[in-house]
K.L.:
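My structure is below; once you've seen it, I'll send some questions.
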Amino acid sequence: MGNCLSSTQSAVNPNVISKKRKTLPIDASFKLPAPLPSWPPGEGFGSGIIDLGDGLQVCLLSSFNKVWATHEGGPHNLGASFFEPSQFPQGFSMLGSYSQPNNTLLHGWVLAGRDDTGSALKQPIDYTLVWSSDSLRIKQDGVGYIWLPTPPDGYKAVGHVVTNSPLKPPLGKIHCVRSDLTDQCEFDSWIWGPGKESDPNGFNVYSLLPSNRGTQAMGVCVGTFVAQNTITAPVSLACVKNVVSNLSCMPNRNQIQTIFQAYSPWMYFHPDEQYLPSSVNWYLKNGALLYKKGDESKPVPIDSNGSKLPQGGADDDTYWMDLPLDEGAKERVKKGNLQDSQVYLHIKPMLGATFTDIAVWVFYPFNGPSKAKVEFINIALGKIGEHVGDWEHVTLRISNFNGELWSVYFSEHSGGTWVKASELEFQNGNKAVTYSSLHGHAMYAKPGLVLQGSGGIGIRNDTAKSKKFMDTGANSLVVAAEYLGTDINEPPWLNYFRKWGPKVTYDISEEIKKVDKLLPGKLKSAFDKFIRSLPNEVLGEQGPTGPKMKRNWTGDEV
């Protein structure tokens, strides 16, 4: 695997406070379970170097030397470690150091830059000491110093230098980037601070992401971190930018097929799940009906590829789909057809086309009723949560430098969660395991109960491994990859922008009353307040729109 993760411990200050410490997750490096496949021939995907234009080329480095570490503070109060890249290809320069919390396996990267014009990169003219751990009375490996490069006029720093010496680093240690080749960035996830939680007015270390992210946004994540004495001030670093919108590093059709076969997730459904997925074609040809406002008494059948569905427009409640009228057919269609299920792939550039996102969309004909946990009582919520048509997805984020899977996004009702590859469960090689929650179909990386709520009151999201599962690689269809132009034929149903289910007419107040009868008095008002605070997507008041109407179609995941 190209650029395999490895951590070679460099010499640190011998003034180590903790001579003996327990082994931490970061002491081991993460590696995908199986080797990467050989990618089919193409243009720039998997070549190791990406040309961002105007003389700036970048490569991804994931072999590190540890410079300094602390063993307190940060996530789980386990501290954080700070590294610098250890192996540079010919002509490439360091753009910044790397850091991550100690509570996970070592798994990260930074970009290095090469200047092909003589003006894209320049050494800093000085350094400013941002922070040192000299006066900090916590467990640490010696003393750490974090430096901010002072760039020449017309240039910006995109990373820090970390040392274990109070002496300023050499000016040639790092390079700054010409301002027109940079973009604005923002705080991402908390890496470390002296306390157990981030202090907005204290010292913190955060990872960074470009502020503007999406299929058309060209900001490129450098993989570095920012260290600041307050997070209320503007971010002191920039990211780089794909100034020529170069998409040659994106995979072609053959490469897409190989990528998805390598990483296609396994999806497990709860053993009690009644409402399983199906293909869209199966749903349409098994009796789904199209309704039109003002002509509700005359619903029309829909052909299996959706060619008669209204195309484009807006979600204006003029049209909607619903289940068959016949009760027997309706109950059968609601249950889906796992054997005939299919996933639909949207391939899109992300982070300035240095990554490929593969959104894996799954369709369920019906979303089942919710269950609540009210302290020690589990309660069925009647019709609350039910709706016709349910679109869920997971997104694979693939590095265009080497084709490696770096993270997976799990959609969870109106939000979701990014999970790093080092924290995923894998099966059959490099295929991530996902769990679909009972009835609600939210996606999770681990089995068990996730309570959507607080104070012991919430909607249950139960997941478990069972004999009901889907190998998403067995039946997939690429439905969109805009950067490939006309190479992909989008199915007509993808451009149906109205609702995939009707608006529900049941009275939520009546449903709440039914539940209230089962609750002790002191819990009734708290439960009522919680239910009314839930978004419509969870309450099931109306059917969802299709994938193209979701904000992540052109934007980044939440």
Side-chain angles (χ1 to χ4, degrees), residues 33 263-279 331 334-343 360-387 390-396 405 407-454 456-476 515 534 537-540:
Y263 300 125
S264 52
W266 286 84
M267 190 174 298
Y268 281 93
F269 306 97
H270 194 277
D272 297 332
E273 182 62 73
Q274 302 163 266
Y275 307 108
L276 295 162
S278 75
S279 67
E331 290 304 312
K334 282 168 67 172
K335 294 178 180 178
N337 188 324
L338 191 56
Q339 286 67 41
D340 197 69
S341 59
Q342 186 176 38
V343 297
V360 184
W361 288 94
V362 184
F363 176 73
Y364 299 79
F366 193 73
N367 192 94
S370 300
K371 290 184 178 181
K373 186 175 187 296
V374 185
E375 292 190 354
F376 52 87
I377 303 173
N378 293 313
I379 300 173
L381 295 182
K383 293 181 179 180
I384 292 177
E386 287 188 351
H387 61 80
D390 187 22
W391 281 102
E392 303 290 348
H393 74 284
V394 295
T395 297
L396 313 178
L405 173 71
S407 55
V408 176
Y409 179 84
F410 296 81
S411 66
E412 300 158 5
H413 303 300
S414 56
T417 305
W418 278 108
V419 179
K420 293 182 178 179
S422 59
E423 300 173 59
L424 294 170
E425 176 187 349
F426 289 95
Q427 181 176 319
N428 288 32
N430 296 332
K431 298 171 182 284
V433 175
T434 69
Y435 295 89
S436 174
S437 67
L438 178 63
H439 289 183
H441 308 141
M443 302 288 193
Y444 295 97
K446 298 183 184 301
L449 168 64
V450 175
L451 196 64
Q452 185 179 355
S454 61
I457 299 176
I459 299 293
R460 293 185 64 98
N461 290 280
D462 291 284
T463 59
K465 196 168 281 189
S466 75
K467 294 181 180 179
K468 301 173 185 176
F469 62 86
M470 183 196 306
D471 173 5
T472 61
N475 192 4
S476 64
V515 175
L534 292 172
E537 184 172 346
V538 177
L539 291 172

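Source: prediction; values computed, not measured.
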K.L.:
Does a sphere of radius 6.0 Å around NZ in Lys371 hold more than 12 heavy atoms from other residues, nucleotides or ligands, not counting ones at 6.0 Å or beyond?
P.N.:
no

K.L.:
Could you tell me how the ring of Trp266 sits relative to the ring of Phe469: parallel (under 30°), tilted (30 to 60°) or perpendicular (over 60°)?
P.N.:
tilted

K.L.:
Could you tell me the separation between the OH atom of Tyr435 and the CZ atom of Phe269, rounded to the nearest 0.5 Å?
P.N.:
12.5 Å

K.L.:
Closer than 3.5 angstrom, by distance alone: can the side chain of Ser411 be matched with the main-chain N or O of His393 as a donor-acceptor pair?
P.N.:
yes

K.L.:
Return the set of residues passing ring-ring contact (aromatic ring centres under 6.0 Å, His included) with Phe366 (not counting sequence neighbours), or none when no residue passes.
P.N.:
Tyr275

K.L.:
When you check the gap from the basic side-chain N to the acidic O, do Lys431 and Glu425 get nearer than 4.0 Å?
P.N.:
no

K.L.:
Set out, in order, the CA-CA distance, both residues' side-chain angles and the distance that settles side-chain contact (heavy atoms from CB on, under 4.5 Å) for Val362 and Met267, then state yes or no.
P.N.:
CA-CA 10 Å; Val362 184; Met267 190 174 298; 3.6 Å; yes

K.L.:
Just wondering, more than 12 heavy atoms not from Lys373 lying within 6.0 Å of its NZ?
P.N.:
yes

K.L.:
Rounded to the nearest 0.5 Å, what separates atom CG in Leu276 from atom NE2 in His270?
P.N.:
12.5 Å

K.L.:
Are the side chains of Val408 and Leu424 in touch, meaning some heavy atoms are under 4.5 Å apart?
P.N.:
yes

K.L.:
Checking Leu405 against Phe426 for the side-chain contact (heavy atoms from CB on, under 4.5 Å) test, could you report, in this order, the C-alpha distance in whole Å, the side-chain angles of both residues, the deciding distance, and whether it holds?
P.N.:
CA-CA 12 Å; Leu405 173 71; Phe426 289 95; 4.1 Å; yes

K.L.:
For the side chain of Ser437 and the backbone of Ala442, is there at least one donor-acceptor N/O pair under 3.5 Å apart?
P.N.:
yes

K.L.:
Roughly how far, to the nearest 0.5 Å, is OG of Ser279 from CG of Leu338?
P.N.:
11.0 Å

K.L.:
Using the test side chain to side chain donor-acceptor pair (under 3.5 Å), find all partners of Tyr268 that sit at least two apart in sequence or belong to another chain.
P.N.:
Gln427

K.L.:
Look only at the side chain of Tyr409 and the backbone of Gly416, and say whether a donor-acceptor pair between them is shorter than 3.5 Å.
P.N.:
yes

K.L.:
Applying side chain to side chain donor-acceptor pair (under 3.5 Å), which residue pairs with at least one partner in residues 467-476 are found, sequence neighbours left out?
P.N.:
Gln342-Asn475

K.L.:
If you round to the nearest 0.5 Å, how far is OH of Tyr444 from OG1 of Thr434?
P.N.:
12.5 Å

K.L.:
Does a side-chain heavy-atom distance below 4.5 Å link Pro265 with Leu396?
P.N.:
yes

K.L.:
Of Val450, Leu438, Leu449, which is the lone residue that meets side-chain contact (heavy atoms from CB on, under 4.5 Å) with Arg460?
P.N.:
Leu449

K.L.:
Taking the side chain from Asn367 and the backbone from Gly385, do they hold a donor-acceptor pair closer than 3.5 Å?
P.N.:
yes

K.L.:
Working to the nearest 0.5 angstrom, can you tell me the gap between Glu392 CD and Ser436 OG?
P.N.:
7.0 Å

K.L.:
If every non-hydrogen atom of Glu423 is compared with every non-hydrogen atom of Val419, which pair is closest and at what distance?
P.N.:
CB-CG1, 3.9 Å

K.L.:
Could you measure the distance from the OG atom of Ser341 to the CZ atom of Phe363? Nearest 0.5 Å is fine.
P.N.:
12.0 Å

K.L.:
Which is it for Trp361 and Val394 under the side-chain contact (heavy atoms from CB on, under 4.5 Å) test, yes or no, and what are the steps along the way?
P.N.:
CA-CA 7 Å; Trp361 288 94; Val394 295; over 6 Å; no

K.L.:
Could you walk me through whether Gln274 and Lys334 pass the side-chain contact (heavy atoms from CB on, under 4.5 Å) check?
P.N.:
CA-CA 9 Å; Gln274 302 163 266; Lys334 282 168 67 172; over 6 Å; no

K.L.:
Under 3.5 Å, is there a donor-acceptor pair linking the side chains of Asn461 and His413?
P.N.:
yes

K.L.:
Any side-chain heavy-atom pair from Thr395 and Phe410 closer than 4.5 angstrom?
P.N.:
no

K.L.:
Nearest heavy-atom pair of Pro447 and Ala464: which atoms, and what distance?
P.N.:
CB-CA, 4.2 Å

